[in-house]
Amino acid sequence: ADRYILGADNTLSSGVRYEFREEPSFDSRAIDADVQIRHDLDAAHHVTYGYRIRIEEARDRAAAIRGAEFDRSRAAGLFSSLVHDTRDDRLFPRRGVFAEGGLFWSSAALGADLQFLEWHGSWARYVPLGDGTVLAVGARFATRELLDGATTLPIQERLFLGGETSVRSFREGELGPTGRDGDPKGGLTSAVASVELRQRLWRELDGALFYDVGTVSPEAFDVGRDAGAAVGVGLRYRLPVGPVRLDVGYNPLHRFGADRRWAVHLSFGFSF
């Protein structure tokens, strides 16, 4: 950040990340890099735009889906997003709204071997209901529109749901379309909504009741598919850098790739 070169409201940043994931149907290794500029519009709004490249490889894929996807893929292109944030606290919000929307254009002209346009958005509102009680409501949506006539993306580039930050009665990546043997194969559209009642119990310990519902579709801009849900309870212990969270969720709807109707998650930070 330099007010003389970039201006007082602009920040230039870049980063490189490596990620390894164990999904139900495959293992994924990825490296991605980006360069971006953030421009602050006012105290509650900022816009970000830049360039991103991500190289990802899938290994140990399930036999039912092997052979239909690339072993390695490269998504690269331009992205932008707009953020509205009126939360009173980023770690432990009690009131306010957070909303974000953006897109990512992966194009062969910009170094990719995959061509698609990703649209994504999220929204959350926090309402105090009394001393130590907060109602949190949120939703997220993402879709990837193919631009090269392909029918789908490599499995490592598809969207999945399930886990501690989406529908909490599933383990990571278990919610969504499955192959013949029951292995999750992901999709091009995902949507999830959650409502959570948070209550201070004792000192730094909070309790929560929550309901999550989500769906994954193999088609772009399609949310009319079977849904999975989570009804659950949780505990949160407040630390100076955020909460440590324990959640137990039960699924009353479709099981998809899960082998049981409940899941336990120990994680850091709120789900939304």
Side-chain angles (χ1 to χ4, degrees), residues 1-21 28-57 72-93 95-126 138-148 153-154 156-160 165-166 188-192 220-221 240-242 268-272:
D2 190 307
R3 63 181 301 129
Y4 299 104
I5 297 176
L6 299 174
D9 299 323
N10 298 316
T11 304
L12 173 68
S13 63
S14 62
V16 178
R17 291 163 293 277
Y18 172 82
E19 180 184 65
F20 172 79
R21 303 197 321 272
S28 170
R29 288 179 172 86
I31 184 168
D32 70 84
D34 66 56
V35 58
Q36 61 182 349
I37 293 177
R38 167 174 164 160
H39 175 67
D40 294 324
L41 301 173
D42 54 40
H45 302 88
H46 69 263
V47 61
T48 302
Y49 50 91
Y51 174 83
R52 176 186 301 132
I53 183 169
R54 178 180 176 90
I55 301 171
E56 189 165 6
E57 184 177 39
R72 180 175 295 178
S73 61
R74 184 173 65 253
L78 305 175
F79 67 90
S80 66
S81 65
L82 175 65
V83 171
H84 166 87
D85 190 354
T86 59
R87 293 173 296 176
D88 59 346
D89 190 301
R90 293 187 178 184
L91 294 180
F92 304 100
R95 68 177 69 246
V97 173
F98 177 87
E100 185 265 346
L103 57 86
F104 171 55
W105 176 40
S106 178
S107 170
L110 297 170
D113 59 17
L114 300 174
Q115 301 196 76
F116 63 90
L117 188 62
E118 177 185 285
W119 305 81
H120 63 269
S122 63
W123 173 87
R125 184 176 181 183
Y126 307 90
R140 298 193 304 272
F141 171 83
T143 192
R144 291 178 175 171
E145 179 183 5
L146 304 179
L147 303 176
D148 57 358
L153 289 169
Q156 66 269 21
E157 290 288 347
R158 299 178 200 165
L159 302 172
F160 293 82
T165 60
S166 62
L188 299 181
T189 300
S190 68
V192 60
F221 298 103
V241 291
F268 182 80
F270 286 114
S271 59
F272 67 97

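Starting from 1, each residue takes its place in the sequence as its number.
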Salt-bridge criterion met for R38 and D40 (N-O under 4.0 Å): yes
Pairing of E19 and R54 as salt bridge, 4.0 angstrom limit: yes
Rounded distance (nearest 0.5 Å) linking atom OG1 of T189 with atom CD of E145: 10.0 Å
Distance, nearest 0.5 Å, that separates CD1 of I37 from CG of D9: 13.0 Å
Distance, nearest 0.5 Å, that separates OG of S107 from CG of L114: 11.0 Å
Over 12 foreign heavy atoms within 6.0 Å of CZ, R17: yes
Atom CH2 of W123: over 12 foreign heavy atoms under 6.0 Å: yes
Donor-acceptor contact below 3.5 Å, side chain T165 vs main chain S271: no
Distance-minimising heavy-atom pair for F98 and S122: CE2-OG, 4.0 Å
Aromatic F79 / basic R52 pairing, under 6.0 angstrom, 45° off normal: yes
Residue pair L159 / A142: nearest heavy atoms and the distance that separates them: CD1-O, 3.6 Å
Sidechain N-carboxylate O distance under 4.0 Å for E56, R74: no
Salt-bridge contact E100-R140 (side-chain N to carboxylate O under 4.0 Å): no
Distance in Å, H45 NE2 paired with D85 CG, rounded so as to fall on 0.5 Å steps: 9.5 Å
L146 side chain near L188 side chain, heavy-atom distance below 4.5 Å: yes
Euclidean distance, S80 OG relative to L103 CG, rounded to 0.5 Å: 4.0 Å
Ring geometry between F141 and F221 (parallel below 30°, tilted from 30 to 60°, perpendicular above 60°): tilted
Donor-acceptor contact present, side-chain N10 to main-chain L12, <3.5 Å: no
More than 12 heavy atoms from other groups under 6.0 Å of CZ on R29: no
Any S81 side-chain heavy atom under 4.5 Å of V47 side chain: no
Atom of A76, atom of Y51 and distance for their closest heavy-atom approach: CB-OH, 3.6 Å
Backbone of F92 reached by a side-chain donor or acceptor of Y126 within 3.5 Å: no
Mutual orientation of the aromatic rings belonging to F104 and F116 [parallel < 30°, tilted 30-60°, perpendicular > 60°]: perpendicular
4.5 Å side-chain heavy-atom contact, L117 and L147: yes
Minimum heavy-atom distance between A44 and T86, given as atom pair plus value: CB-CG2, 4.0 Å
E57 and S28 side chains, donor-acceptor separation under 3.5 Å: no
Heavy atoms of other groups near R125 CZ, more than 12 under 6.0 Å: no
Under 3.5 Å donor-acceptor, R158 side chain and L153 backbone: yes
Over all atoms of both residues, closest heavy-atom pair of P240 and L91: O-CD1, 3.4 Å
S190 side chain vs F160 backbone, donor-acceptor pair below 3.5 Å: no
V16 side chain near D32 side chain, heavy-atom distance below 4.5 Å: no
Minimum side-chain heavy-atom gap L78-Y49 below 4.5 Å: no
Straight-line distance of S73 OG to Q156 CD, nearest 0.5 Å: 4.0 Å
Side chain to side chain contact (heavy atoms under 4.5 Å, CB included) evaluation trace for F268 with V241: CA-CA 10 Å; F268 182 80; V241 291; 3.8 Å; yes
